[in-house]
Number of protein chains: 2
Amino acid sequence: MAGKRADDGAQESIWQRMERPARPPRAALTHAQIAAAAVEIADAEGLDAVSMRRLAERLGVATMGLYRYVRGKDDVIELMVDAVYAEEARAAEGRDWREVLRVSALRLRALMLRHPWLVETTAQAGPLTPNFVARTDRLLASLDGLGLDADTAMTVIGTVTAFVTGATTARIRMARLMRKEGAEKMDDLRTIYSSRMKWLLESGRYPAFERYIREGVRKDDDDWQFELGLESVLDGVAARLTI
Amino acid sequence: MAGKRADDGAQESIWQRMERPARPPRAALTHAQIAAAAVEIADAEGLDAVSMRRLAERLGVATMGLYRYVRGKDDVIELMVDAVYAEEARAAEGRDWREVLRVSALRLRALMLRHPWLVETTAQAGPLTPNFVARTDRLLASLDGLGLDADTAMTVIGTVTAFVTGATTARIRMARLMRKEGAEKMDDLRTIYSSRMKWLLESGRYPAFERYIREGVRKDDDDWQFELGLESVLDGVAARLTI
DNA sequence: CTTGAGGTGTGTACGTCGTACGCAACGAGT
DNA sequence: ACTCGTTGCGTACGACGTACACACCTCAAG
């Protein structure tokens, strides 16, 4: 029996066996650990940097070891999405439905800006992750007692959420463009794109757009634009609520 | 000199040289051709199927030949995005601003549903593609004469557009999930997810959501939800316009 | 007609990705 | 003691984007 493993097993005695468990003493990962590590990588370097190899390395596990806990990369992304939505687990506060929807919208926006890679997960993550259901549930609860039927209540929430995700996605896209072009502020980006812009405008085919470029003074004030848009949307759904 | 190419060049005479120019007589691609081919692939098999190799093969060109026309894959995607926005090149019709915004929203939604891969291009494509500027210009023009300042006018357009992209993205995500699970109708999806859903609801932590699941009768009527949301948003911005 | 040069299309090659597969080590049942 | 399922991991495969160098065609100049 000793001879059977003489060429590799019997030779590594004590010292070698002592230093091996130091690296992976006993793996025993949890899904929460996997999600947290993946989110850290994505926050720091973008979703593309989250590869199974990188993730495993960060967790001190062999690459294929991850497949013991997830079925594939899509699972990892689903875990990531749910993990960041957990940050929104607190109940939304506010005296009335409008206040609740408003702070919920602002918080969702802040969440997306904190984790911009969320916009790239659209393709993979399903909408039934537990913490997202939790958010929907809380918002639905805030609309209770207004005499809305279930369908209308859900549509109200969906409408506000759609606005928030759409608007924030546009802003993230712009921030990404800035980073790609190496611009610090919007003015830098404008400088970089000035020739392209001039070429577009000189065609004379976009007079209204040109006027906006000349006259707009809050072109970079995303917060102002978002809040104005949000108030408009809330006004719009309010009309549905009081009828 | 003949000896220098004896092993490959001199041996191929006439027949071989005759059949070679048949393959690539003169390529001379155009950017429009590249975009059209890429869009076809993406429409049929998704954005992931658009690889430089696949695209080159479809165009009858060597893989690296594409790099004569584009700087990299990001360029291809930017071409694709602009190409499909060209479908929206017609001026939006409608008697008043509200009608123009409404049909424009419906058309944008239809466009995205026709090319669902658009939602995945958020990370790469910049917002300054010519045909997208053209859309913005037309919408701005429709708001002329209402006495709005440039910033508010742009925010109105941005708000409606954000709602449309957000809502349509959610719908596309759902359609993708259905396809992934092999479901034909929403009811199939519900069957597949019934255990997961039951598990979620049995925790008792989402009473409002549970009530919606029980009482909602238009859960799958995306068009109804979208139109209700759109009317709400338009109502909301209308208040800003008439003040 | 020869020759040199510049632009154009192509093939090969590198490093990365997700993940299928099969081997080594281990704990438990006969 | 011997098997056997379970677990952890290394290797390997086929894709990807693209850098790079080479082969070719065309045309100007001699």
Side-chain angles (χ1 to χ4, degrees), chain A residues 1-2 4-13 16-18 20-30 34 38 41-42 45-80 120 123-124, chain B residues 1-2 4-13 16-30 33-34 38 41-42 45-80 120 123-124:
Chain A
M1 43 164 141
K4 197 173 187 181
R5 28 173 85 179
D7 31 329
D8 52 40
Q11 283 182 357
E12 66 163 20
S13 276
Q16 298 175 33
R17 291 187 67 91
M18 269 173 62
R20 182 136 49 92
R23 262 178 291 156
R26 188 57 59 102
L29 288 182
T30 68
I34 294 175
I41 296 175
E45 304 177 49
L47 194 62
D48 285 347
V50 181
S51 71
M52 298 303 269
R53 288 174 232 263
R54 271 290 302 275
L55 185 55
E57 185 189 15
R58 190 186 197 94
L59 288 165
V61 169
T63 304
M64 295 311 289
L66 289 176
Y67 285 83
R68 193 74 49 191
Y69 300 89
V70 291
R71 221 168 328 167
K73 195 178 186 182
D74 284 0
D75 273 11
V76 173
I77 289 178
E78 191 157 341
L79 285 176
M80 292 172 69
E120 293 161 75
Q124 289 88 7
Chain B
M1 38 170 124
K4 196 173 188 181
R5 32 172 80 180
D7 32 327
D8 51 41
Q11 282 182 357
E12 66 165 17
S13 277
Q16 298 175 35
R17 291 186 68 90
M18 267 173 62
E19 73 180 7
R20 183 132 48 90
R23 261 179 291 154
R26 186 55 59 98
L29 289 181
T30 67
Q33 284 175 321
I34 294 175
I41 296 174
E45 304 178 47
L47 194 62
D48 285 348
V50 181
S51 71
M52 298 303 269
R53 287 173 231 262
R54 271 291 301 276
L55 185 54
E57 187 190 12
R58 189 184 197 93
L59 289 165
V61 169
T63 305
M64 295 312 290
L66 288 176
Y67 286 83
R68 202 77 50 190
Y69 299 88
V70 291
R71 224 168 326 169
K73 193 176 185 181
D74 284 359
D75 273 11
V76 172
I77 289 179
E78 191 157 339
L79 285 176
M80 291 173 69
E120 292 162 75
Q124 289 89 7

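Only a predicted model underlies this, so the values are computations on that prediction, with no experimental measurement involved. Convention: sequence-line order gives letters A, B, ...; per-chain numbering from 1.
- Between B:Ser51 and B:Lys73, the closest heavy-atom pair is CA-NZ, 4.4 Å.
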Name every donor-acceptor pair, under 3.5 Å, that has one atom in a side chain of residues 53-65 of chain B and the other anywhere in the protein, sequence neighbours excluded.
unit_1, atom_1, unit_2, atom_2, d
B:Arg54, NH1, B:Glu45, OE1, 3.4
B:Arg54, NH2, B:Glu45, OE2, 2.9
B:Arg58, NH2, B:Glu40, OE1, 2.8

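- In this structure the side chain of B:Val70 reaches within 4.5 angstrom of the side chain of B:Met52, judged on heavy atoms.
- Within the 4.0 angstrom heavy-atom criterion, no nucleotide atom of any strand lies near B:Val70.
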Heteroatom pairs (N/O) under 3.5 angstrom, protein to nucleotides 11-13 of chain D:
none

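- Put simply, the side chain of B:Val50 does not reach to within 4.5 Å of the side chain of B:Ile77, judged on heavy atoms.
- Between the OH atom of A:Tyr67 and the P atom of D:dG10 there is a distance of 15 Å, rounded to whole Å.
- Rounding to whole angstrom units, CG of residue A:Leu66 and C1' of D:dG10 are separated by 14 Å.
- In this structure, CG of B:Asp48 is placed 12 Å from P of C:dG18, rounded to the nearest angstrom.
- Toward the 5' end of DNA chain C, the nearer of the two residues A:Met52 and A:Arg68, judged by each one's closest nucleotide, is A:Met52.
- Nucleotide C:dT16 holds its P atom 15 Å from the NZ atom of A:Lys73, rounded to whole Å.
- Between the CG atom of A:Leu29 and the P atom of D:dT7 there is a distance of 14 Å, rounded to whole Å.
- Axis angle, first five pairs versus last five pairs of the helix from C:dC1-D:dG30 to C:dT30-D:dA1: 40°, rounded to 10°.
- Considering all non-hydrogen atoms of both residues, A:Ile34 and A:Tyr69 come closest at CD1-CB, 3.7 Å.
- The CG-P distance, from B:Leu55 to D:dT18, rounds to 12 Å in whole Å.
- Between B:Asp74 atom CG and D:dC16 atom C1' there is a gap of 14 Å when expressed in whole angstrom units.
- Here B:Tyr69 reaches the OP1 or OP2 of C:dG9: one of its side-chain N or O atoms lies under 4.0 Å away.
- Atom CD of B:Glu57 and atom P of D:dA15 are 12 Å apart (whole Å).
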